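Here's a structure for you.
The shown structure was predicted, so the numbers you read here are calculated from the model rather than taken from an experiment.
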Amino acid sequence: MPELRQNLATKEWVIIAKERARRPEDFVKKEEKKIIPEFVEKCPFCPGNEAMCPPDTFSIKDEQGWKVRVIPNKFAALIPEISNDKPNLIGLKRHMPGFGYHEVIIETPKHNLTTALLDISYVKDIILSYRERYLWLSNDPRIDHIIIFKNHGEAAGTSLEHPHSQLVATPVVPSHIRARIEEAMRYYDDHQRCVFCQMIEDEIEEGIRIVAENASFVCFVPYAAFSPFHLWLLPKRHYPQFGDIKDNEIMDLAMILKDVLFRLYFGINNPDFNYVIRSAPTDFTRVNYFHWYLSIVPRISKAAGFELGSGMFINASIPEESGKFLREVKI
């Protein structure tokens, strides 16, 4: 019979539709993997086309040239060149200038690779670039929140095929981030324990939803996963901001992220996906109740009217079976 499950970190409810649940292998993409060339002449992110992009804000190079580039988004959602005036409230209308930063992390010179297939040194450099830009932007006192995300594939909203991710720094904290922080604070007040730390401990002990684990990180399908193969990747060490990741943890994160994306790539045939680093606001440097994490959402199911109307998702997969399926993908 169907089951309602709640994620205690977010207080979001999910319906696990057990009677109509599909087997994990039923979610494997049926179409053949698209053949993509290593270089595309008109791609602005391919080597030799650097003049088509704004100047780098950060880069990592070796003797052969650049490995990772960070540039301002040419079509930025927010821009730093305007004033950061306080919100102006007129009746029920509140507005402010579109100040902020929007950057693109070009992950590799090769047009046809994805994180799952990159050499581990490139994945490490991508994460190092995330941290360096996060730290630099968090030093701007006008910035309250930084989000790092990747869109992979058309269903995930990508507009350019070349492997890249993005960073947006905003002068406001989005309401759903505030809600998550408030729920985490409430749990801490009730239990004197970080809910994310408790979740890590429980998932490792139970083991049935674990996908991968190393010395610094663990990845699992949440008990109340809102869609098939939805994954959370958390650091075992408690710290609220992604920017505080240590050098040795960068390599561990690179290894487990590549591992997990490799399992998705070969286990369900390179699905479109989004991942997002959910970090505390920039002034939450030392709090006991919030814990940053990386969420991965394969785009293999669609939200419809019920989800829009209720705010709850119906998951046609069983999290324990999804975790077992990915855990058993041979790497």
Side-chain angles (χ1 to χ4, degrees), residues 9 57-64 66-70 103 105-108 113-139 146-150 163 165 167 169 184 193-205 207 210-220 231-265 275-282 284-296 326-327 331:
T57 57
F58 180 83
S59 65
I60 296 176
K61 302 177 181 179
D62 61 15
E63 62 278 359
Q64 296 179 331
W66 63 268
K67 295 178 68 180
V68 178
R69 297 173 58 215
V70 182
E103 298 186 335
I105 299 92
I106 305 169
E107 300 175 347
T108 170
L113 290 183
T114 183
T115 313
L117 305 179
L118 284 174
D119 183 87
I120 193 63
S121 70
Y122 277 87
V123 185
K124 178 186 176 184
D125 288 339
I126 291 166
I127 295 168
L128 178 60
S129 300
Y130 290 170
R131 184 186 68 175
E132 296 309 300
R133 294 310 297 160
Y134 186 102
L135 291 174
W136 192 90
L137 292 167
S138 64
N139 283 328
I146 298 170
I147 181 171
I148 299 168
F149 62 96
K150 179 179 177 70
S165 41
L167 180 154
R193 183 82 194 276
C194 165
V195 64
F196 300 96
C197 292
Q198 185 66 58
M199 188 179 294
I200 291 169
E201 185 177 304
D202 291 352
E203 290 292 347
I204 291 174
E205 181 179 355
I210 296 289
V211 174
E213 181 184 0
N214 61 27
S216 303
F217 292 89
V218 61
C219 180
F220 54 86
L231 298 165
W232 276 20
L233 198 167
L234 292 94
K236 293 180 178 178
R237 179 173 69 90
H238 176 89
Y239 54 113
Q241 287 199 10
F242 167 77
D244 290 330
I245 188 171
K246 296 178 179 179
D247 289 344
N248 66 299
E249 292 170 330
I250 287 178
M251 176 54 84
D252 282 353
L253 178 55
M255 292 175 67
I256 196 170
L257 180 60
K258 176 180 167 64
D259 177 317
V260 170
L261 294 179
F262 184 96
R263 293 173 189 275
L264 289 173
Y265 186 92
Y275 73 57
V276 57
I277 294 176
R278 295 195 177 277
S279 184
T282 54
F284 281 50
T285 54
R286 296 182 65 183
V287 295
N288 295 323
Y289 50 83
F290 196 81
H291 194 121
W292 80 266
Y293 64 97
L294 189 152
S295 175
I296 305 172
L326 291 178
R327 190 168 58 249
I331 62 173

Quiz item: So, for A184 and F290, which heavy atoms are closest and what is the spacing to 0.1 Å?
Solution: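 Closest pair (atom of A184, atom of F290, distance): CB-CD1, 4.2 Å.
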
Quiz item: With a 4.5 Å limit on heavy-atom distance, are the side chains of V123 and L261 in contact?
Solution: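 No. Closest side-chain heavy atoms not under 4.5 Å.
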
Quiz item: Are W292 and F284 close enough that some pair of their side-chain heavy atoms sits under 4.5 Å apart?
Solution: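 When only atoms from C-beta onward are counted, F284 and W292 do not touch, as no gap falls below 4.5 Å.
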
Quiz item: Taking all non-hydrogen atoms of both residues, which atom of P235 and which atom of I200 are closest, and how far apart?
Solution: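 P235 and I200 have their closest heavy atoms at O-CD1, 3.3 Å.
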
Practice problem: Would you indicate whether the side-chain heavy atoms of I204 and F220 approach each other to under 4.5 Å? | Solution: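 Result no, sub-4.5 Å side-chain heavy-atom pair not found.
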
Quiz item: D259 versus N214: any side-chain heavy-atom pair under 4.5 Å?
Solution: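 A side-chain contact under 4.5 Å is absent here.
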
Quiz item: If we only count heavy atoms from C-beta on, is the Y134 to Q241 side-chain gap below 4.5 Å?
Solution: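 Answer yes - side chains close enough.
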
Self-check item: From CD (E107) to CD1 (I127), nearest 0.5 Å
Solution: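 Answer rounded to 0.5 Å: 10.0 Å.
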
Exercise. Of all the heavy-atom pairs spanning L167 and R133, show the shortest one and how long it is.
Key: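 Looking at all heavy atoms of both residues, the closest pair is CD1-CB, 4.0 Å.
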
Exercise. To the nearest 0.5 angstrom, please state how far the OG atom of S121 sits from the CG atom of L128.
Key: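 It comes to 11.5 Å.
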
Quiz prompt | Residues in side chain to side chain donor-acceptor pair (under 3.5 Å) contact with K258, at least two apart in sequence or another chain | solution =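 Here no residue qualifies.
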
Quiz item: Atom CD1 in I277, atom CD1 in I245: separation rounded to 0.5 Å?
Solution: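 Reported to 0.5 Å precision, the distance equals 8.0 Å.
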
Self-check item: Shortest non-hydrogen contact from R263 toward L326
Solution: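 Heavy atoms only, the tightest pair is NH1-O, 2.9 Å.
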
Exercise. Indicate yes or no: at least one non-hydrogen side-chain atom of T282 is less than 4.5 angstrom from one of L137.
Key: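 Not touching, per the 4.5 Å side-chain cut-off.
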
Practice problem: Starting at SG of C219, measure out to CH2 of W232 and round the result to the nearest 0.5 Å. | Solution: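 Here the interatomic distance stands at 11.5 Å.
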
Exercise. Decide yes or no for F242 and L253: does some side-chain heavy atom of the first lie under 4.5 Å from some side-chain heavy atom of the second?
Key: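 SC-SC contact between F242 and L253 confirmed.
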
Practice problem: Indicate yes or no: at least one non-hydrogen side-chain atom of L233 is less than 4.5 angstrom from one of Y275. | Solution: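 Not touching, per the 4.5 Å side-chain cut-off.
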
Quiz item: What distance do I126 atom CD1 and I105 atom CD1 have between them, rounded to the nearest 0.5 Å?
Solution: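 Reported to 0.5 Å precision, the distance equals 9.0 Å.
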
Self-check item: Lys/Arg N to Asp/Glu carboxylate O, D247 vs K124, below 4.0 Å
Solution: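 Between K124 and D247 there is no salt bridge, as every charged N stays at least 4.0 Å from the carboxylate O atoms.
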
Quiz prompt | Nearest non-hydrogen partners of V287 and H238, listed with the distance | solution =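 That would be O-NE2, 3.0 Å.
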
Self-check item: SB check R193 E201 (cutoff 4.0 Å)
Solution: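 Answer for the salt bridge query: yes.
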
Quiz item: Can you name the nearest heavy-atom pair linking I210 to R327, along with the distance?
Solution: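 I210 and R327 have their closest heavy atoms at O-NH1, 2.7 Å.
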
Quiz item: Looking at residues at least two apart in the chain, or sitting in another chain, which of them share a side chain to side chain contact (heavy atoms under 4.5 Å, CB included) with W66?
Solution: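 Per chain and number, W66 pairs via side chain to side chain contact (heavy atoms under 4.5 Å, CB included) with P47, E50, K61, R69, I106, P109.
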
Exercise. Could you give me the CA-CA distance, side-chain angles and deciding distance for Y293 and M199, then say whether side chain to side chain contact (heavy atoms under 4.5 Å, CB included) is met?
Key: CA-CA 12 Å; Y293 64 97; M199 188 179 294; over 6 Å; no

Quiz item: Atom CD in E103, atom CD1 in I146: separation rounded to 0.5 Å?
Solution: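 Answer for the CD-CD1 pair, E103 versus I146, is 9.5 Å.
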
Practice problem: Determine the interplanar angle of the H291 and F196 rings, folded into 0 to 90°, and report it as parallel if under 30°, tilted if 30 to 60°, perpendicular if over 60°. | Solution: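 Tilted.
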
Quiz prompt | Passing option when Y265 is tested against V260, L117, T115 for side chain to side chain contact (heavy atoms under 4.5 Å, CB included) | solution =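 Among V260, L117, T115, the one that satisfies the side chain to side chain contact (heavy atoms under 4.5 Å, CB included) with Y265 is L117.
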
